[in-house]
There are 2 protein chains.
Amino acid sequence: MAVTIKDVAKKAGVNASTVSRVLKDSPEISEKTKVKVRKAMQELGYTRNVAAQILASGKSNTIGVVFPPVEDKSNQPFYMKVLTSINETARKYDVSIAVVTGYKESELKQQVALMYSEKRVDGFIVLYAGQTDSVRDYLLDKKIPFVLLGTPTEKQNEITHVDNDNVLMGHEAARYLIDLGHDEISFVTDTKDGEVFKERYQGYQDEMLKRKRQPKLLVFDEDMSLQTETGLVVMDEVVALKVIARLAEQGLKVPEDVSVITYNNSAFSTIVHPYLTTFDINIVGLGAATVEKFLALTQNERGFHDKTIIPFELILRESTDRKK
Amino acid sequence: MAVTIKDVAKKAGVNASTVSRVLKDSPEISEKTKVKVRKAMQELGYTRNVAAQILASGKSNTIGVVFPPVEDKSNQPFYMKVLTSINETARKYDVSIAVVTGYKESELKQQVALMYSEKRVDGFIVLYAGQTDSVRDYLLDKKIPFVLLGTPTEKQNEITHVDNDNVLMGHEAARYLIDLGHDEISFVTDTKDGEVFKERYQGYQDEMLKRKRQPKLLVFDEDMSLQTETGLVVMDEVVALKVIARLAEQGLKVPEDVSVITYNNSAFSTIVHPYLTTFDINIVGLGAATVEKFLALTQNERGFHDKTIIPFELILRESTDRKK
DNA sequence: CTGAAAGCGCTTACAG
DNA sequence: CTGAAAGCGCTTACAG
């Protein structure tokens, strides 16, 4: 059968409890003993039994990662990337992750409740920040530890969360276009819902006013048409692609006639020319921060919930140019 | 503390072992006792402790799902969708899933080895079928049970796998265009690597010859130009978008001048007009089959490894039309 | 059909 | 700094 702690103990000439302590690198154990025990583990090819650890310690050392209900499939490449980043980071800290997916919010909530009550997870990372969300409400209500990726509309001081500075990204987009010589710049979105939109739009607006330009909001649909704009700040890349196609139908070229700047730096930004000038939101950084904050939350028992801001980066490509 | 099997046993006036048997709905237990025990579980709000079950039974009841190394990010929306489908199906059968991700193949292999030796998983589902893959080789070598999503180039009789019938999808694409009146139809791909390409291309080729048309292969790059083709079968939707953009530069419109049919029905197919006529590969079905085959593999101990073929469906949209 | 008992492989006060 | 012992919450032959 598999090698256990007892086999190692016998081989090293110590008690099983000592092996256990070496396993977690307890400072109580002498270096000498550690070396001896580790050698025995090595020689025997020992690997821990996770289930036994969990049962004995009462800690699962795993985090449940909650994905948005599938209908809400906005920007899918994002999720695969965060998952990878979260998983890598978790492994670094020797914790596991369990995924929670579902087609409806109610399914998610049910799974979250079950997982926690079965002691499979110590808490959750929630990958979306909808206006209202029954999962979040449940976690808050039951005082289950969790970290939110995104910015909640309410209770920001009760929720540990990680996000980019979307207001600043709004500012920066406007500033970049203005600095290229553009004066008439609109903000284009397909939806007015969500904190992300509100923050980016607000930043854009503030910058425009500060620079004495008139802000203007365009809600995209397939009949959208431009007045005199030569610059566009677009909510995300899928919308940007649609906007550019629409402009082409009107005989307007990007970037010759209008410059387009957008957000996320997803796979969509380099499919067809013009490749998109866009803000990279640093998904790897977002994912990593999310697990680090979770660990801090559950281990250090700090009394408050903070917000972590991950820096972004502007990626210059083909969809922006100086005003002609 | 949490409610255990003992509490339930006491309340129901039976032994803990009986409760355990009720938990797995053992046929040995009388209906009457089951009812009594379930009532007690209900009233006490019992939930099982998964770690204890795993430790006592020696079965983890969880499947490791191996994602491709991130560089290989082809068609990312695909992975989020299969994940969801796999997760839903797994839950239905009361098994868990653990994800294995990494930036390099070697990382994946290392994780797979560790997970299995720590008894976290009973085996794996591998979500990609590269020409060579050290993960697959490792699993084969160690005789660890796994199911492959895709078709392996070699050892098809030693690997249980799930896939679409890509040859047939090649046939169907050619047939559909021919039936629309097109005669000069090329197959367009950006890479000649991989089973998927080979099979789709072969099916296309066979159909063309059968119908007395001349098959022709075009490898896409940004200078690609058409001769006299009026129909194109394109490997996937991202390539299709690029092809359509390239055609536009040459003054050719889709579908007026050339019809384009492609594969996968991903999010890319309905971003901009013309929306793409494409084959839906039934990702939900693929994911579900993958876990069902895994369960059959580990539970029934059949002696052989089979291939499961999931049906596809042609989705008619705007990129194809009768020949003018 | 059900019970009593041993055991799965760890952790963790408690003692020394 | 280390050991002996109890315990985590289940499962599963074995017996009847």
Side-chain angles (χ1 to χ4, degrees), chain A residues 1-38 40-41 44-62 94-96 114-120 122, chain B residues 1-38 40-41 44-62 94-96 115-120 122 299:
Chain A
M1 288 301 304
V3 181
T4 73
I5 221 179
K6 280 186 189 169
D7 304 320
V8 175
K10 187 176 292 173
K11 175 130 189 164
V14 299
N15 187 279
S17 52
T18 301
V19 176
S20 172
R21 291 188 183 105
V22 173
L23 227 38
K24 35 179 45 69
D25 201 17
S26 160
E28 289 181 315
I29 303 292
S30 72
E31 257 328 298
K32 208 174 132 197
T33 306
K34 281 185 183 172
V35 170
K36 195 169 58 180
V37 171
R38 285 192 183 122
M41 295 198 302
L44 260 27
Y46 171 79
T47 37
R48 62 181 180 166
N49 182 310
V50 178
Q53 285 186 318
I54 295 175
L55 180 58
S57 71
K59 282 173 247 145
S60 74
N61 271 318
T62 113
D94 207 30
V95 308
S96 305
L114 187 64
M115 272 197 166
Y116 193 72
S117 74
E118 286 183 345
K119 302 199 186 322
R120 286 171 175 284
D122 300 326
Chain B
M1 289 299 306
V3 181
T4 73
I5 221 179
K6 281 186 190 170
D7 303 321
V8 176
K10 188 177 292 173
K11 174 130 189 164
V14 299
N15 188 278
S17 52
T18 301
V19 177
S20 172
R21 291 185 185 107
V22 174
L23 226 38
K24 35 180 46 69
D25 201 16
S26 160
E28 288 182 313
I29 302 292
S30 71
E31 257 330 297
K32 206 175 135 199
T33 306
K34 282 185 183 172
V35 169
K36 193 170 59 182
V37 171
R38 286 193 181 119
M41 297 198 300
L44 260 28
Y46 171 79
T47 37
R48 63 183 179 164
N49 182 312
V50 179
Q53 285 186 318
I54 295 175
L55 179 58
S57 70
K59 282 173 249 146
S60 74
N61 272 317
T62 114
D94 207 29
V95 308
S96 304
M115 271 197 168
Y116 193 71
S117 73
E118 286 183 344
K119 303 198 185 320
R120 285 170 175 284
D122 301 326
Q299 291 171 355

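Please read all numbers here as calculations on a predicted model, not as lab measurements. Computation of the quantities below employed the complete heavy-atom set of this structure, encompassing side-chain atoms and omitting hydrogens, waters and symmetry-equivalent molecules.
Distance CG (N49(A)) to C1' (dG9(C)): 6 Å, rounded to an integer number of Å. What separates CG of L23(A) from P of dG9(C) is a distance of 14 Å, to the nearest Å. Rounded to a whole Å, the NZ atom of K10(A) is 19 Å from the C1' atom of dT2(D).
A side-chain donor-acceptor contact under 3.5 Å links S60(A) to the backbone of D122(A). Not a single donor-acceptor pair under 3.5 Å links the side chain of T47(B) to the backbone N or O of L114(A).
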Considering only distance and modelled atom types, tabulate donor-acceptor pairs under 3.5 Å from the side chains of residues 12-22 of chain B, sequence neighbours left out.
residue : atom : partner : partner atom : Å
N15(B)  : OD1  : S17(B)  : N            : 2.8
N15(B)  : OD1  : S17(B)  : OG           : 2.8

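Across dA4(C), dG3(D), dC8(C), the shortest atom-to-atom separation from the side chain of A56(B) is found for dC8(C). Among dG9(C), dT11(D), dA4(D), the nucleotide with an atom closest to any side-chain atom of S17(A) is dA4(D). The nucleotide whose nearest atom lies closest to any side-chain atom of S57(B) is, among dT11(C), dC8(C), dT12(D), dT12(D).
In this model, the phosphate group of dG9(C) is not approached by any side-chain N or O of Q53(A) to a distance below 4.0 Å at OP1 or OP2. The phosphate of dG3(D) has OP1 or OP2 within less than 4.0 Å of a side-chain N or O from T18(A). OP1 or OP2 of dA4(C) lies within a sub-4.0 Å distance of a side-chain N or O belonging to N15(B).
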Could you go through the side-chain contact (heavy atoms from CB on, under 4.5 Å) check for D25(B) and K34(B) one step at a time? CA-CA 8 Å; D25(B) 201 16; K34(B) 282 185 183 172; 2.8 Å; yes
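Remark: dG3(D) base-pairs with dC14(C). Criterion, Watson-Crick or G-U wobble with two distances under 3.5 Å.
Here the closest non-hydrogen pair linking L55(B) and A52(A) is CD1-CB, 3.8 Å.
Across residues 24-34 of chain A, P27(A), E28(A), I29(A), S30(A), T33(A) each have a non-hydrogen atom less than 4.0 Å from an atom of DNA chain D (numbered order).
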